[in-house]
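Worksheet: one structure, shown below.
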Amino acid sequence: MLQQTQVTTVLPYYDRWLRLFPTWQALAEAPEGAVLKAWEGLGYYRRVRNLQRLAKVVAESPTGRLPETAAGLLELPGIGPYTASAIASIAHNEPTAVLDGNVIRVLTRQLAYGEDVAKPAVQETLRAAAQALLDPETPADFNQAIMELGAVLCTPRGPQCLVCPVRLPCKAAAEGDPLRYPVKERADTTEVHEVVSVMKREGHASSQERALSQGHAMSLTRYLCEEIPPGERNHGLWRFPRFDAETMREEAELCAFTYGITRYRVRLRAVLASPSSLSVCEETEGGQPAGTAPGARWLTAQEIEALPFASAHRKIATLLLERELK
DNA sequence: CTCCGGAAGG
DNA sequence: CCTTCCGGAG
């Protein structure tokens, strides 16, 4: 979870995750949907797929536990150089240096090292520098100390040089402009426009649903959603379908906002839509609505809440369902 | 708004 | 080597 995600963001997920999947075995056997749901909102969903792949590998392994060496850990899915060194050094005292964003910042400032840290070769140089600094007697303390220094004092925007314990050897502090480091090339972003459709259908309760809703205020209004197919980004999560002028007619705008995803700026508009032909509303065998993408379903508010949506689509869902309650 | 942050796949 | 993947905080 901490790969590319800050501690404060992870905190609410972590305990819940361990309650849901307390063992490698439990995670290995969990349905993918449940795993994605527990990760919903953390982003970089490849991580969670790798984590479950990892659980399967570990659960099937002779020991049933993670390897203890960095080299062994590095073989496993989702474990790269940082995670391998972090586990090996902190849990097992192996003298292997970690290189995360914090360490990169501390070292480039200490050395006034102005190369572009996005380049793999530059990272390798920094990793070697960290390894040379590492005290082999206390790798766990050293690694955690340098990461903590970056997180607490040598911060991206407001480094506290005046109280920094390693101010004297720091070349950036001597230069008087620690914010110059680290240097990273800024990738140019491309703008993307996306229109998403919210289609609504007043439900006819099946006998089963009537039985289930006895004594409950169960909404039978349904919304057209689709499971993102394999091969597409965020596959296995759910979304509102893309607006398709061939089969849909725009009735009103529900919301519009912009969000960033890596180098893209996505301008997302969600519109209330109705089918331009009645066939879209008909449901064929297996709940597959006619004229829609495979994986499309008419979902109740309860189902939408229970399924995993990436944040942008979760935002639309929340807005929509709030509005419905009024 | 801008900036931050690991691993994998090509 | 290069690009791709998300969401939250400042």
Side-chain angles (χ1 to χ4, degrees), chain A residues 1-14 36 38-54 57 70 73-88 96-109 115-127 130 143 146-148 150-152 154-160 178-192 194 228 230-237 239 257-268 308-316 318:
Chain A
M1 285 179 182
L2 288 168
Q3 291 169 357
Q4 295 287 275
T5 303
Q6 323 234 334
V7 174
T8 52
T9 306
V10 163
L11 233 37
Y13 288 85
Y14 181 73
L36 287 172
W39 201 270
E40 181 185 84
L42 274 178
Y44 287 111
Y45 296 93
R46 172 183 287 169
R47 295 179 299 175
V48 70
R49 294 181 229 284
N50 281 335
L51 186 53
Q52 194 175 31
R53 282 176 57 206
L54 174 63
V57 171
L73 288 158
L74 206 44
E75 303 293 310
L76 298 171
I79 298 188
Y82 166 75
T83 307
S85 284
I87 296 172
T96 176
V98 293
L99 191 72
D100 72 346
N102 291 309
V103 178
I104 288 173
R105 194 166 52 252
V106 170
L107 290 181
T108 52
R109 285 177 179 167
E115 301 294 322
D116 177 10
V117 298
K119 295 189 186 309
V122 170
Q123 296 222 6
E124 180 48 33
T125 302
L126 289 169
R127 198 207 52 76
N143 280 337
I146 193 169
M147 289 191 283
E148 191 75 357
V152 175
C154 197
T155 59
R157 295 161 218 255
Q160 305 286 303
L179 296 184
R180 279 178 50 195
Y181 309 96
V183 173
K184 42 189 85 167
E185 209 60 53
R186 201 178 332 288
D188 35 348
T189 61
T190 56
E191 184 125 338
V192 180
E194 205 176 315
I228 302 172
E232 269 189 66
R233 188 193 339 138
N234 290 348
H235 61 271
L237 283 82
R239 68 182 173 200
F257 55 94
T258 306
Y259 65 95
I261 154 176
T262 60
R263 47 175 288 263
Y264 299 100
R265 302 214 49 73
V266 183
R267 306 208 57 91
L268 182 60
F309 284 69
S311 286
H313 286 248
R314 171 58 66 199
K315 185 169 167 177
I316 294 169
T318 303

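Numbered from 1 within each chain, the chains take letters A, B, ... in sequence-line order.
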Within the distance-only criterion (no hydrogens, no angle test), does the side chain of A/Arg47 pair as donor or acceptor with the backbone N or O of A/Leu42 below 3.5 angstrom? yes
Side-chain atoms of A/Arg157 come closest, of B/dA8, B/dC1, C/dA9, to C/dA9
In whole angstroms, the gap separating C1' of B/dA7 from CZ of A/Arg127 amounts to 16 Å
5'-most contact on DNA chain B (nearest-nucleotide basis), A/Pro182 vs A/Ile79, goes to A/Pro182
Main-chain N/O of A/Arg265 paired with A/Glu191 side-chain donor or acceptor, under 3.5 Å: no
For A/Arg314, which contact category applies under a 4.0 Å heavy-atom criterion: base, sugar-phosphate, or nothing?
nothing
With the side chain defined as heavy atoms from C-beta on, A/Thr8 is closest, among C/dC1, C/dA9, C/dT4, to C/dA9
* Asked: Are any side-chain N or O atoms of A/Gln3 and backbone N or O atoms of A/Gly78, one a donor and one an acceptor, separated by less than 3.5 Å?
  -> yes
inquiry  = For C/dT4 and A/Arg233 - does any side-chain N or O of the residue sit under 4.0 Å from the phosphate oxygens OP1/OP2?
reply    = no
Looking only at C/dG7, C/dC5, B/dA7, the nucleotide nearest the A/Gln3 side chain is B/dA7
When A/Phe309 and A/Ala121 are each assigned the nearest nucleotide of DNA chain C, the 5'-most assignment goes to A/Ala121
Rounded to whole Å, CZ of A/Arg47 lies from C1' of C/dT4 at a distance of 14 Å
Self-check item: Stepwise salt bridge (charged side-chain N to carboxylate O under 4.0 Å, His left out) check, A/Glu232 with A/Arg239
Solution: CA-CA 12 Å; A/Glu232 269 189 66; A/Arg239 68 182 173 200; 2.9 Å; yes
Checking C/dT4, B/dG5, C/dC6 against the side chain of A/Arg46 (C-beta onward), the nearest is C/dT4
- Item | Sugar-phosphate, base or nothing in reach of A/Tyr82, heavy atoms under 4.0 Å | sugar-phosphate
Verify the contact: side-chain N or O of A/Arg263 to OP1 or OP2 of C/dC5, cut-off strictly under 4.0 Å; return yes or no.
-> no
Here the distance between atom P of B/dG6 and atom CD1 of A/Ile104, to the nearest Å, is 8 Å
Atom NE2 of A/His235 and atom P of C/dC6 are separated, to the nearest Å, by 10 Å
Nearest-nucleotide check on DNA chain C, A/Ala118 vs A/Leu42; residue mapping nearer the 5' end is A/Ala118
Separation of B/dA7 atom P from A/Leu54 atom CG, nearest Å, is 12 Å
Whole-Å distance, A/Lys315 NZ to C/dC6 C1', equals 14 Å
Taking B/dA7, C/dG10, C/dG7 as options, the one with an atom nearest any side-chain atom of A/Tyr45 is C/dG7
Given 3.5 Å as the limit, does a donor-acceptor pair link the side chain of A/Tyr181 with the main chain of A/Ile104, or not? no
Closest of B/dA7, B/dC1, C/dC1 to the A/Pro120 side chain is C/dC1
| For A/Gly260, which contact category applies under a 4.0 Å heavy-atom criterion: base, sugar-phosphate, or nothing? | base
A/Arg49 atom CZ is separated from B/dG9 atom P, nearest whole Å, by 12 Å
Under 4.0 Å between a side-chain N or O of A/Lys184 and OP1 or OP2 of B/dG5?
yes
ask   = For C/dC6, does either OP1 or OP2 sit under 4.0 Å from a side-chain N or O belonging to A/Asn234?
value = yes
Between CD of A/Gln4 and C1' of C/dG7 the distance, given in whole Å, is 11 Å
Correct closest heavy-atom pair for A/Thr96 and A/Ala70 would be CG2-CB, 4.2 Å
Against the side chain of A/Thr262, the closest entry in B/dC1, B/dG6, C/dC5 is C/dC5
